[in-house]
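Numbers for residues simply follow the sequence, beginning at 1.
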Amino acid sequence: MHTPAGAAGMTEVAFHFNAPDKLAYVCRLARKATRRDARVVITGAAQDLQQLDRMLWALGTTDFVAHCLEDAGEEMLQLSPVVLARDACVCSHRDMLVNVGDTVPEGFAQFARLVEVVSQSDQADRSRARERWRHYAARGYGIVRHDLVLREGA
């Protein structure tokens, strides 16, 4: 399923707002993406990536998501459909980048899709997300908005 960045050569940027638990949502998002044969890089702060690693290992057997951390070695990075990395460019996966960090990830434009996950209740996280939104919009990226509260209520 490897596709170059976006249909017109530009990364598709989506913001998934109002996540009650960002990391739990990212686990579900990674599971869904890998079931569709997408290869995913998840980027963010080291402590969030470590927690995601533990959460992904704790998923039930039918929900297991094969993954590794960025320091796993070249062969494991190539074989794992999901890589947890502070540096999004550490491996060759370019299908989807999921950002749980505070800043615009370096190298995001190399990916077909970028998903920004935003907290429902953390106002500092929401404020930083607005800054990232402005960054992408100022550079001409069309942004898709997914309100997770509206989706769950539907």
Side-chain angles (χ1 to χ4, degrees), residues 1-8 10-60 63-67 69-70 80-91 93-154:
M1 172 172 185
H2 181 75
T3 27
M10 195 169 221
T11 301
E12 174 190 309
V13 177
F15 275 74
H16 292 210
F17 280 98
N18 292 321
D21 180 334
K22 278 176 69 165
L23 300 184
Y25 178 76
V26 169
C27 288
R28 292 191 305 274
L29 186 64
R31 183 184 66 223
K32 183 178 178 181
T34 57
R35 285 182 177 170
R36 294 181 176 171
D37 294 326
R39 296 173 66 84
V40 181
V41 176
I42 302 171
T43 191
Q47 66 269 19
D48 288 337
L49 298 178
Q50 291 290 333
Q51 186 174 348
L52 268 171
D53 180 47
R54 289 189 298 274
M55 292 171 74
L56 288 168
W57 278 113
L59 292 174
D63 292 327
F64 179 72
V65 176
H67 69 283
L69 291 164
E70 65 190 324
S80 295
V82 175
V83 176
L84 309 175
R86 286 176 295 157
D87 178 359
C89 300
V90 73
C91 68
H93 298 5
R94 294 292 180 258
D95 292 341
M96 179 188 288
L97 175 62
V98 177
N99 185 27
V100 294
D102 294 338
T103 60
V104 171
E106 289 289 325
F108 78 89
Q110 299 172 22
F111 290 80
R113 295 182 63 209
L114 166 65
V115 176
E116 291 275 358
V117 180
V118 184
S119 172
Q120 181 177 39
S121 57
D122 181 338
Q123 293 307 313
D125 182 59
R126 294 171 68 81
S127 177
R128 289 186 299 268
R130 284 189 286 275
E131 291 171 17
R132 293 192 306 276
W133 180 295
R134 285 190 291 271
H135 174 89
Y136 302 125
R139 285 154 183 79
Y141 288 89
I143 301 171
V144 178
R145 179 188 168 104
H146 297 281
D147 189 331
L148 302 176
V149 169
L150 293 177
R151 182 179 290 173
E152 287 178 5

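- At a threshold of 4.5 Å between non-hydrogen side-chain atoms, the residues Trp133 and Arg145 count as touching.
- Not one N or O on the side chain of His16 forms a donor-acceptor pair closer than 3.5 Å with the backbone of Val26.
- Arg36 places no side-chain N or O within 3.5 Å of a backbone atom of Lys32 that could act as its donor or acceptor partner.
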For residues 101-108, dump all side-chain donor-acceptor pairs below 3.5 Å to protein atoms at least two apart in sequence or in another chain.
unit_1 : atom_1 : unit_2 : atom_2 : d
Asp102 : OD1    : Arg128 : NE     : 2.9
Asp102 : OD1    : Arg128 : NH2    : 3.2

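- In terms of modelled atom types and a separation under 3.5 Å, the side chain of Asn18 and the main chain of Val149 share no donor-acceptor contact.
- Counting only heavy atoms from C-beta outward, the side chains of Arg130 and Val118 never approach each other to under 4.5 Å.
- Proximity of His135 to Glu131: side-chain heavy atoms (C-beta onward) are nowhere separated by under 4.5 Å.
- In this structure, Val82 and Ala30 approach most closely via the heavy-atom pair CG2-CB, 4.3 Å.
- Checking side-chain atoms of Thr43 against main-chain N and O of Ala85 turns up a donor-acceptor pair under 3.5 Å.
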Test side-chain contact (heavy atoms from CB on, under 4.5 Å) applied to Leu59 and Arg28, step by step: CA-CA 10 Å; Leu59 292 174; Arg28 292 191 305 274; over 6 Å; no

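- Among all heavy-atom pairs drawn from Phe111 and His93, the shortest one is CE2-O, 3.2 Å.
- To the nearest 0.5 Å, the span separating CD on Gln51 from CG on Leu84 amounts to 12.0 Å.
- Contact detail for Phe15 and Arg132: the closest heavy-atom pair is CZ-C, 4.0 Å.
- Looking at Arg126, its side chain does come within 3.5 Å of a backbone N or O of Ser119 through a donor-acceptor pair.
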Verdict with supporting geometry, Lys22 and Asp122, salt bridge (Lys or Arg N to Asp or Glu O under 4.0 Å): CA-CA 10 Å; Lys22 278 176 69 165; Asp122 181 338; over 6 Å; no

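- The two residues Arg39 and Ser80 make their nearest non-hydrogen contact at NH2-O, 3.7 Å.
- Take Ala46 and apply the side-chain contact (heavy atoms from CB on, under 4.5 Å) test, not counting sequence neighbours, and it matches Arg86.
- Atom-to-atom distance recorded for Ile42:CD1 and Asp48:CG is 11.0 Å, nearest 0.5 angstrom.
- With rounding to the nearest 0.5 angstrom, the CZ atom of Arg113 is 11.0 Å from the CG atom of Leu97.
- The CG atom of Leu29 sits 9.5 Å away from atom OG1 of Thr34, with the distance rounded to the nearest 0.5 Å.
- His67 and Phe64 have tilted rings, their planes meeting at an angle from 30° to 60° on a 0 to 90° scale.
- In terms of heavy-atom proximity, Cys27 sits nearest to Leu56 at SG-CD2, 3.8 Å.
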side-chain contact (heavy atoms from CB on, under 4.5 Å) evaluation trace for Tyr136 with Leu114: CA-CA 11 Å; Tyr136 302 125; Leu114 166 65; 3.1 Å; yes

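- Taking all atoms of both residues into account, the shortest heavy-atom contact from Asp87 to Glu70 is N-OE1, 3.5 Å.
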